[in-house]
Amino acid sequence: LSNRQEEDLEEEAQMHDEPERPLKRLHLRSQGGQVSPLVNSSSHNLDGSSSERPKMEEDELPKSHFQQQPQEIMETPQPIQQTISPELNIVNKGKKPLLPRIDSLEKRSMSDRESHVVHIKEPMVESDIALLPKQKVPNTRVLIKPKDEPFDDKFNSDIPDYEVPIAVIHPDPCKVGYSVGHDSVKKQDGPEIPASQCLGEGNRGDGALAPLSERETNCTLATIPEEPPPIVEIASLPLGEEGSIKRIPTPDVLGRSSPKDTLDMEDREENLSLSPHSSNGSVHIQCSPAVAEHLSRLPQALNGLAGHIHASKKITKSSCAGSEPEKELEDPESRNSCSLVVVPQYQISPSDSMSIHDVNDVSKGEEKVRIPWVNEINNERLPPFKYIPQNLVFQNASVNLTLSRIGDEDCCLACLGDCLSSFTPCPCANETGCQFAYTQGGLLREKFLEECISMTHDPQRYQHLYCRECPLERLRNGDCLEPCKGHLRRKFIKECWNKCGCSKKCGNRVVQRGITCKLQVFCTSEGKGWGLRTLEELPKGAFVCEYAGEILTNTELYDRNLEKNKSGKPAYSVLLDADWGSGDLNNEEALCLDATFFGNVARFINHRCLDANLVEIPVKVESPDHAYYHLGFFTTRVVAAMEELTWDYGIDFEDHDQPVRTFWCRCGSKFCRNMKRSNRSRSASIAR
Ligand SMILES: C[S@@+](CC[C@H](N)C(=O)[O-])C[C@H]1O[C@@H](n2cnc3c(N)ncnc32)[C@H](O)[C@@H]1O
């Protein structure tokens with residue numbers, strides 16, 4: 001056996017042994033035998049490692065493959081070899097990127113750049129009162145104006161109604177490990193509803209955090225709102241063991257319950273509920289001592305509430321029925337009564353809060369449409385992260401979004417109404433060859449889409465840009481700077497924006513309007529973890545979502561990944577390197593997106609080798625250059641309702657020169673690049 005074969009066998013064995021791990025490192029496929037990065041918008045890994053992309057046979061090409069010769073320059077320029085004195089800027093600041101918090105004041109000076117972007121300060125682990133981005137932070141601004149105007153064209157105007165998702169199927173409660181999130185209870189005055197409604201981060205029930213001052217108020221007992229929602233959901237409680245915690249209505253609902261309902265409740269051995277509404281910023285937790293004890297035994301990492309529950313003595317049937325709740329609360333220690341315990345909200349750590357996801361809408365109202373999540377496979381719940389619909393600057397990224405930077409050639413001051421319907425395309429179509437990227441139906445123009453798909457299928461055929469001093473190499477190689485491996489020169493979409501004269505309903509504003517199709521986050525059955533699927537049929541060329549996350553410099557991402565690699569944490573990052581080779585970039589200008597802590601629904605899109613049904617396309621919205629851009633996902637073909645949405649990460653499974661190991665691909669594609677490795681390993685074992 002060759003060394004390589006042995007390596008493969010070893011690796012395969014290891015990967016099979018390992019439990020499912022989140023993305024460690026997404027890699028760009030190689031460009032002309034060169035490197036391939038992370039989930040990369042064009043070509044590179046942070047370590048600049050490289051690999052060969054599998055060549056497809058012509059007759060194997062997926063349907064959507066662009067068969068014509070691309071119009072782009074096909075030559076791949078030779079990297080400029082030069083002696084470079086490396087500018088070292090690798091500073092691992094000992095970050096602990098677990099729980100990001102916002103701190104608007106401690107950001108870098110804004111004097112040199114005016115940015116319409118919220119800045120997020122370094123993640124913090126220590127504080128239980130770390131702030132989350134929904135809080136009002138002085139001097140911070142949102143990147144893009146809220147999408148407040150509905151678009152009324154044929155495709156996009158289909159704003160889904162806010163109904164309970166049809167695909168939420170609750171596992172059989174009799175099965176072992178039945179979780180809190182899948183219970184359901186009878187509403188006093190309504191039909192049965194899923195019990196997985198969520199306790200928002202704040203206790204106001206509208207998803208907004210209470211002001212800090214409110215949250216820091218000392219908790220007082222017995223403040224029960226008049227009309228709390230009857231059912232709430234508790235932070236992640238992966239109760240693998242005797243996990244039979246079930247939820248009950250909040251105390252006041254119990255108070256209104258019929259004796260029969262009450263008895264039903266009492267029949268349950270262990271109950272627990274949270275009341276998300278209170279006037280003093282507290283969370284009311286009701287549980288039996290057994291539950292409380294069980295929770296308190298769980299490690300904090302598993303049980304976000306363990307540290308916050310204080311069980312009092314015993315539950316009596318009458319008090320659980322809410323006969324005299326106020327009286328009971330006056331002195332909970334002094335009687336054998338229901339242990340209604342009040343936990344100030346500030347005692348719920350940000351990680352608890354980030355792990356609470358509304359089963360009906362993972363975006364918590366941040367998107368125009370609700371995005372439900374469902375797990376029909378096991379008891380796992382969504383991992384903790386904070387949903388953001390648009391990118392936010394983490395700290396050092398230089399993102400300059402001032403109006404003054406947008407010249408007349410980059411906007412359409414003279415336009416009115418819908419640019420797409422004007423006879424002569426306005427300057428906003430210049431980026432796409434004087435033809436708009438979108439059709440009047442709100443889809444991508446076929447030819448433009450096919451070119452983008454072809455670029456991701458066969459990047460070697462397209463032009464690459466080479467940095468004189470590649471930001472990736474600067475980080476990766478320190479003193480010994482290697483030549484840039486090249487960055488695929490991407491095709492951009494340019495949308496109309498604030499300086500344009502057209503209407504907000506202009507057809508050249510698609511990505512900035514956000515998600516309009518019906519999506520669902522679900523647990524995949526193939527062992528890929530969570531995934532994203534569409535609940536409705538999508539036409540070819542439809543915009544699905546953009547990849548939203550924290551905008552990091554690639555130095556910041558590199559530092560984070562060092563930490564992650566040590567801790568084995570997943571990485572959800574993409575490089576915005578579509579323009580990296582066109583000039584000399586300093587470290588603040590080499591940007592990436594990281595959706596690990598703050599991200600949108602795109603963080604759930606799984607990888608599929610080659611014939612994925614989504615393609616990522618760089619989109620310029622508010623920035624005239626290509627240094628910062630959005631990454632939009634569009635369908636490569638018609639996608640049926642309930643089909644999983646996938647994207648080719650550009651991972652090179654052959655690349656062993658990576659700081660972190662990639663995952664074992666279960667994409668199921670006949671073009672799977674990982675399968676080839678697997679086949680090779682099998683033949684090696686036969687030879688043995
Ligand atoms: C960006 S995340 C996608 C969402 C992820 N499945 C989750 O549960 O959060 C990337 C991670 O998903 C998993 N994944 C994505 N595509 C996969 C595939 N084709 N096969 C196996 N795992 C995959 C890997 O663990 C990868 O690290």
Side-chain angles (χ1 to χ4, degrees), residues 11-12 14-16 18-29 37-41 45 236 238 354-355 357 362 371 373-387 519-533 544-550 557 560-561 564-565 567-575 592-614 616 631 633 643-653 655 658-678:
E11 187 176 350
E12 186 180 20
Q14 277 175 14
M15 294 191 94
H16 282 307
E18 273 186 14
E20 174 64 25
R21 294 206 298 187
L23 179 67
K24 293 219 143 192
R25 178 151 188 257
L26 297 178
H27 236 281
L28 196 66
R29 67 182 63 89
L38 246 68
V39 175
N40 185 324
S41 64
N45 261 329
S236 196
M354 287 168 95
S355 62
H357 294 287
V362 70
I371 305 169
W373 67 269
V374 63
N375 187 346
E376 298 146 330
I377 305 297
N378 55 40
N379 292 321
E380 278 179 31
R381 302 161 60 77
L382 284 189
F385 76 99
K386 177 73 187 165
Y387 195 99
L519 303 173
Q520 186 186 56
V521 177
F522 73 109
C523 185
T524 63
S525 54
E526 303 89 359
K528 296 181 289 186
W530 298 95
L532 184 68
R533 66 187 168 198
V544 172
C545 63
E546 71 171 286
Y547 197 99
E550 293 175 73
L557 182 60
R560 272 193 188 186
N561 283 345
K564 268 184 208 140
N565 296 349
S567 67
K569 291 249 160 77
Y572 295 81
S573 35
V574 296
L575 300 184
C592 321
L593 296 177
D594 184 11
T596 309
F597 308 113
F598 293 82
N600 72 345
V601 78
R603 77 195 292 287
F604 294 110
I605 304 177
N606 284 316
H607 160 84
R608 185 172 170 96
C609 295
L610 211 66
D611 58 358
N613 52 20
L614 297 180
E616 83 282 10
L631 209 52
F633 289 104
E643 223 185 294
E644 178 174 4
L645 295 163
T646 54
W647 161 46
D648 188 339
Y649 293 172
I651 273 190
D652 178 7
F653 295 97
D655 184 3
Q658 296 178 73
V660 286
R661 285 190 32 212
T662 179
F663 52 87
W664 186 263
C665 186
R666 297 183 171 94
C667 73
S669 165
K670 66 175 176 176
F671 305 106
C672 181
R673 303 191 282 274
N674 200 182
M675 209 164 65
K676 290 185 180 159
R677 183 178 60 165
S678 156

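Hydrogens, waters and symmetry mates play no part in the numbers below; they use all other heavy atoms, side chains included. Residues take their numbers from the sequence shown, with the count starting at 1. Both ligands and their constituent atoms are indexed starting at 1 by order of listing.
- Among K528, R603, E644, R666, the residue whose heavy atom lies closest to atom 13 (C) of ligand 1 is K528.
- The C667 neighbourhood of ligand 1 comprises atoms 19 (N), with distances under 4.0 Å to a heavy atom of that residue.
- In summary, the atoms of ligand 1 found under 4.0 Å from a heavy atom of C665, numbered by their order in the structure, are 19 (N), 20 (N).
- Between V544 and V601 there is no side-chain heavy-atom pair separated by less than 4.5 Å.
- Under 4.0 angstrom from ligand 1, the non-hydrogen atoms of W530 come from both its backbone and its side chain.
- Residue contacts with ligand 1 include I605, since one of its heavy atoms falls under 4.0 Å from the ligand.
- Here E644 does not pair with R666 in a salt bridge; the nearest charged N to carboxylate O distance is not below 4.0 Å.
- Where the criterion is an N or O separation shorter than 3.5 Å, residue side chain and backbone included, Y547 fails it with respect to ligand 1.
- If you number the atoms of ligand 1 from 1 as listed, the ones under 4.0 Å from a heavy atom of N606 come out as 3 (C), 4 (C), 5 (C), 6 (N), 12 (O), 13 (C), 14 (N), 15 (C), 16 (N).
- Per-residue contacts place W664 under 4.0 angstrom from the following atoms of ligand 1 (heavy atoms of the residue considered): 20 (N), 21 (C).
- Between atom 23 (C) of ligand 1 and the options F604, F663, F385, the minimum heavy-atom separation is to F663.
- Put simply, the side chain of F522 does not reach to within 4.5 Å of the side chain of N375, judged on heavy atoms.
- Remark: F633 pairs with W647 by the ring pair (Phe, Tyr, Trp, His ring centres under 6.0 Å) rule, at least two apart or across chains.
- The closest side-chain heavy-atom distance from C592 to S573 is not below 4.5 Å.
- Taking R608 as the reference, D611 meet the salt bridge (Lys or Arg N to Asp or Glu O under 4.0 Å) condition, with sequence neighbours excluded.
- Taken from OH in Y572 to CG in D594, the straight-line distance is 10.0 Å, to the nearest 0.5 Å.
- Contact between G531 and ligand 1 is absent, with no heavy atom of the residue lying under 4.0 Å from the ligand.
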